[in-house]
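Index from 1, following the sequence. All values reported here derive from a predicted model rather than from experimental measurement.
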Amino acid sequence: MTASDEVGIGPVRARERFMLGEPVEGGVRSMILNSWQRCQSMGISPDGSELPYRPDIDLDGRLVRAARPVLDRLASRFAGSRMNVALTDGDGAVLQRRFGEASMVRQLPAVQSVPGFVFAEQYGGTNGIGLALTERRLIQVSGAEHFAERGQSNACTAIPVRDPLSGRIEGVLCFAYPPAYADPQMEDLIRKAATAIERRLLAQSSARERTLLRAYLDSRRRAQTDQPAGDGCLVGMDELSRSGLDRHDQILLEQMATDLISSARRTAVEVTLSQGRQVTLLSRPVASPSGVEGFVIEAILHGDSLPQLVAPDQAGRPVGRPAPATTTAVPPLRHPGGGASDRRAEVPSAPGRGAATRLLLVGEPGVGQYAVAARRRLELLSEASTRIGTTLNVTRTAWELAEMAVPRLADYVTIDLPETVLRGEEPTDPSSELHRTVVHGIRTDCPFYPVGERVDLSPTTPHRRCLASGQAVLEPDLSRAAGWISQDPEAAERLLANDVHSLITVPLLARGVVLGIAGFYRARNPAPYGDDDRSLAQELATRAAICIDNARRYTREHAMVLALQHSLLPRSLPEQSAIEVAHRYLPAESGVRGDWFDVIPLSGARVALVVGDVVGRGLHAAATMGRLRTAVHNFAELDLAPDELLTHLDNLVGRLDRDEDGAEPATGNDGIIGASCLYAVYDPTSQRCTLARAGHPPPVVVHPDGTVILPDLPAGPPLGLGGLPFETAELHLPEGSQLVLYSDGLLDDHRRDPDAALDRLRTALAHPNRSPEDTCGTVVEAVVPEHPADDVTLLVARTHALDPGRIATWDLPADPARVGDIRAAAARRLSDWGLDEVAFVAELLLSELVTNAIRYGIEPIQVRLIHDRALICEVSDGSSTAPHLRHAATTDEGGRGLFLVAQLTQAWGTRYTARGKVIWAECALESSDGVPDLFESHFFENQFADIPEIE
């Protein structure tokens, strides 16, 4: 069932709608519709188009001679039928006709019975001959599918006839018949007939080379008149193989001989074989009495048991050997049409002269040129397999295709891709969202659409036709390509004026998905593209499309992982006063890793700096990084020391690793090999920094005067090994110092020495009084490789010191009577700081915290107030027992103190020290309107009823 059957209309109705300008998509085959559109754009009249007549056709050329017996057999087979068999040349001009009924030649109009009329599409509209030349493949056209009305009573099947050696279309074989004659076997019959003609064309080439061989042998006999014919031995490659040449050497000699024939010049070349053996190849011309001209290649094997022979020329005179030339091996070669490029024979030579010559090849230069071109196509494909797809970047891969094709296949290459492909997505409608992605050629000023411009294609263009068919489309002569010209006549005129004359468009097809279009244009080479070129372009584009699809899918996955990673990294750094921070995160080009960084405010105006790295890459590494970053936040919330925090993190990584090992294989996870981390805590009140690291690069410290120091920080094992301790180190960082944390991607790169990279880092950091942002920029420019192979994380923190005048500290004994003194002293200090508005809340907090320390803790007891972005109240004692927030019943006399603390503060908590614990609370610097109501509540009065200082 055809597409027209599915929609309920046939070609007749579809053609009527088309002529009225109505849409007919689906009512007729796309190939026929494209042809109609081209005919309409060329101004062909369906009812009055006149075919040109060429009286100068060659009725006895090589194509006619090869086809004549085949046409006679077809005429005999179709005897008595209404079959009309036509043979045309490569331009669509009819050369021969055969009829099933002899009377048809008198009944049919001249255009259908007399040789010489041209049926190319630009003259005759949609027909079998013209469409076979346009589509360059077997074509069937029936009834109303013909554009011209005169052909609508017939059906036809046509197929191109190619030269087996060159692959060039020499003509078209066409069967025309009434539609009732249509038979599925018609395609098989016309294919066999075209193949028979092509074999006879090849046989003609073989006969010419046999003529050359006879002429060569005759010249040798004439040159060696003192020896009877038939004696001696002139041997070919088989004899050379018996002389010790292996298959590699034989292939090398064949290829060199083919090159020499194609060069069409008298010369001598020395070829180096395996094991250091030398062979001299002699090339000299030969001509037959009938005028066939060619070249013969003879070989002299150095070190052979036979003496060397100076080969005579056709007149019998010795040919001198020029300076030797050395060559290297090239890949094996076969002719595109399946024919051999050489003809070998064993013929008589002249014994008694003390020498023997080895004849390798004899042939015409044109045949050798076809062979060389075929080998170069193979070499191009072989090279393309290594040079296309070197990166996982869509645009770069498209450029690599263009760079491979210019200039060996094309003079200009354009590649159009949808924006969705460039983003890593699959295209939904590639014909409507194409953008020019690549323009590359022998010149930069040729007027193609520029890169980045949207490309809207009309249905008649070769580009749209290749999208519709999924196959390469060849336009050998752009000056006659009406569909291409109609897309943009002005642009077409400019290209033709720049000698662009031939085009191959190829869909970039991978996994059944069209990713874009590649256009190969020829300008400098005057020869138009042929089918061999189209096959080569198709093969190149197919290989490139697979690489582009891999890059596209990688781009999509990379974007997804990068988006996940960015969502897991800090979107903004928290506000704090201890340090001034700048950071950089540069993802690796070849895949997202698990690097992360963080800045975490801690109690007591302190701040934690974290840089970590998960081993591995991709989605799994990013997800694991997110889990570890969350865990670090949770552990930091407990105010753990750096070594204790890393110990907890190490246990977590070990559990995650064991969970991954026990996961189902279908999950696709590779498990966590390990991770590294550097955790630092800076205290602006003491200007001390405590650090610990787990398999991570050490930090760099830059003092205010620009001195760069690498502190001696114990390395510690990577996370996940378990059972090994972590050590801490403490540094004094004067105000204005810079603490530089980074991941190993900053220094480690397989293309450079890590020590040299570390020296560059030191040099980049050795500048005083520079902001962290400027430091980050300088380090990235000086140290980060242009194409990082690993994620690069950089965190630069410039330290600030808290003014001692904004810190108040009191030591007190475990005496409840001293609570009032502390409240009074705190009120005075708050007044000095201008914080009278928060004095009431601060007194309440201190009353509760100091009372708890006196009741439940042990000495020494200390109270500290810190005036920072918030007012921080700290009470420390020597006990490790921590208070817990609970809900007191209405009948309970106590238990509401921490509830009040939680209500009156922004945050509160406990941190443990080597001497006990610290209970801390932060309250905003502005007053709270809810405090008076809270003070008047019943449970508030009960909570503080037993404290004598509160009346």
Would Glu101 and Ser81 count as having a side-chain donor-acceptor pair, cut-off 3.5 Å? no
Flag if over 12 foreign heavy atoms under 6.0 Å of CD, Glu16: yes
Asn498 side chain vs Arg494 backbone, donor-acceptor pair below 3.5 Å: yes
Arg522 (side chain) donor-acceptor with Ala527 (main chain) under 3.5 angstrom: yes
Strictly below 4.0 Å, N to O, side chains only: are Asp72 and Arg77 in salt-bridge contact? no
Decide side chain to side chain contact (heavy atoms under 4.5 Å, CB included) for Tyr123 and Glu50; before the verdict, give the C-alpha distance in whole Å, the side-chain angles of both, and the deciding distance to 0.1 Å. CA-CA 7 Å; Tyr123 304 120; Glu50 295 293 334; over 6 Å; no
When rounded to the nearest 0.5 Å, the distance separating OG of Ser35 from CD of Gln40 is 11.5 Å
Do the side chain of Asn127 and the main chain of Gly130 share a donor and acceptor less than 3.5 angstrom apart? yes
Distance alone, cut at 3.5 Å: any donor-acceptor contact between the side chains of Gln96 and Arg98? yes
Parallel, tilted or perpendicular for Phe78 and Phe175, by the 30°/60° rule? perpendicular
Could you go through the salt bridge (charged side-chain N to carboxylate O under 4.0 Å, His left out) check for Arg68 and Asp60 one step at a time? CA-CA 9 Å; Arg68 188 175 286 125; Asp60 195 33; 3.5 Å; yes
Considering only NZ, NE, NH1 and NH2 on the basic side and carboxylate oxygens on the acidic side, decide whether Arg29 and Glu145 come within less than 4.0 Å. yes
Hey, are Gln487 and Thr461 close enough side-chain-wise for a donor-acceptor pair under 3.5 Å? no
For the pair Asp183 (side chain) and Met186 (backbone), establish whether a donor and an acceptor sit closer than 3.5 Å, ignoring hydrogens and angles. no
Counting only heavy atoms from other residues, nucleotides and ligands, does the tally under 6.0 Å from CZ of Arg199 exceed 12? no
Could you check whether any side-chain N or O of Arg534 sits under 3.5 Å from a backbone N or O of Tyr529, counting only pairs where one atom can act as donor and the other as acceptor? no
Can you tell me how far apart CD (Gln185) and CD1 (Ile190) are? Round to the nearest 0.5 Å. 14.0 Å
Is Asp89 reaching over with its side chain to a backbone N or O of Asp91, donor-acceptor style, under 3.5 angstrom? yes
Looking at Glu539 and Arg377, is there a salt bridge between them, counting it only when a charged N and a carboxylate O are closer than 4.0 Å? no
Parallel, tilted or perpendicular: which describes the rings of Tyr412 and Phe448, with under 30° parallel and over 60° perpendicular? tilted
For Val296 and Val362, run side chain to side chain contact (heavy atoms under 4.5 Å, CB included): C-alpha distance rounded to whole Å, both residues' side-chain angles, the deciding distance at 0.1 Å, then the answer. CA-CA 4 Å; Val296 294; Val362 58; 3.5 Å; yes
Between Thr460 and Ser41, is there a side-chain donor-acceptor contact under 3.5 Å, judged purely by atom types and distance? no
For Arg524, is the CZ atom crowded, meaning more than 12 foreign heavy atoms sit under 6.0 Å from it? no
So, applying side chain to side chain contact (heavy atoms under 4.5 Å, CB included) with Pro476, which one of His501, Arg136, Arg168 is it? Arg136
Does Glu298 reach the main-chain N or O of Leu282 with its side chain, forming a donor-acceptor pair under 3.5 Å? no
Any donor-acceptor pair under 3.5 Å from Asn84 side chain to Gln112 backbone: yes
Would you say the side-chain atoms of Trp484 pair up with the backbone N or O of Glu475, donor to acceptor, closer than 3.5 Å? no
How far does CG of Asp499 sit from CG of Asp411, to the nearest 0.5 angstrom? 9.5 Å
Tell me, yes or no, whether the heavy-atom count around Arg265 atom CZ, taken from other residues, nucleotides or ligands under 6.0 Å, exceeds 12. no
Any Ile159 side-chain heavy atom under 4.5 Å of Ile139 side chain: no
For the backbone of Asp163 and the side chain of Glu170, can you confirm whether one donor and one acceptor N or O come within less than 3.5 Å of each other? no
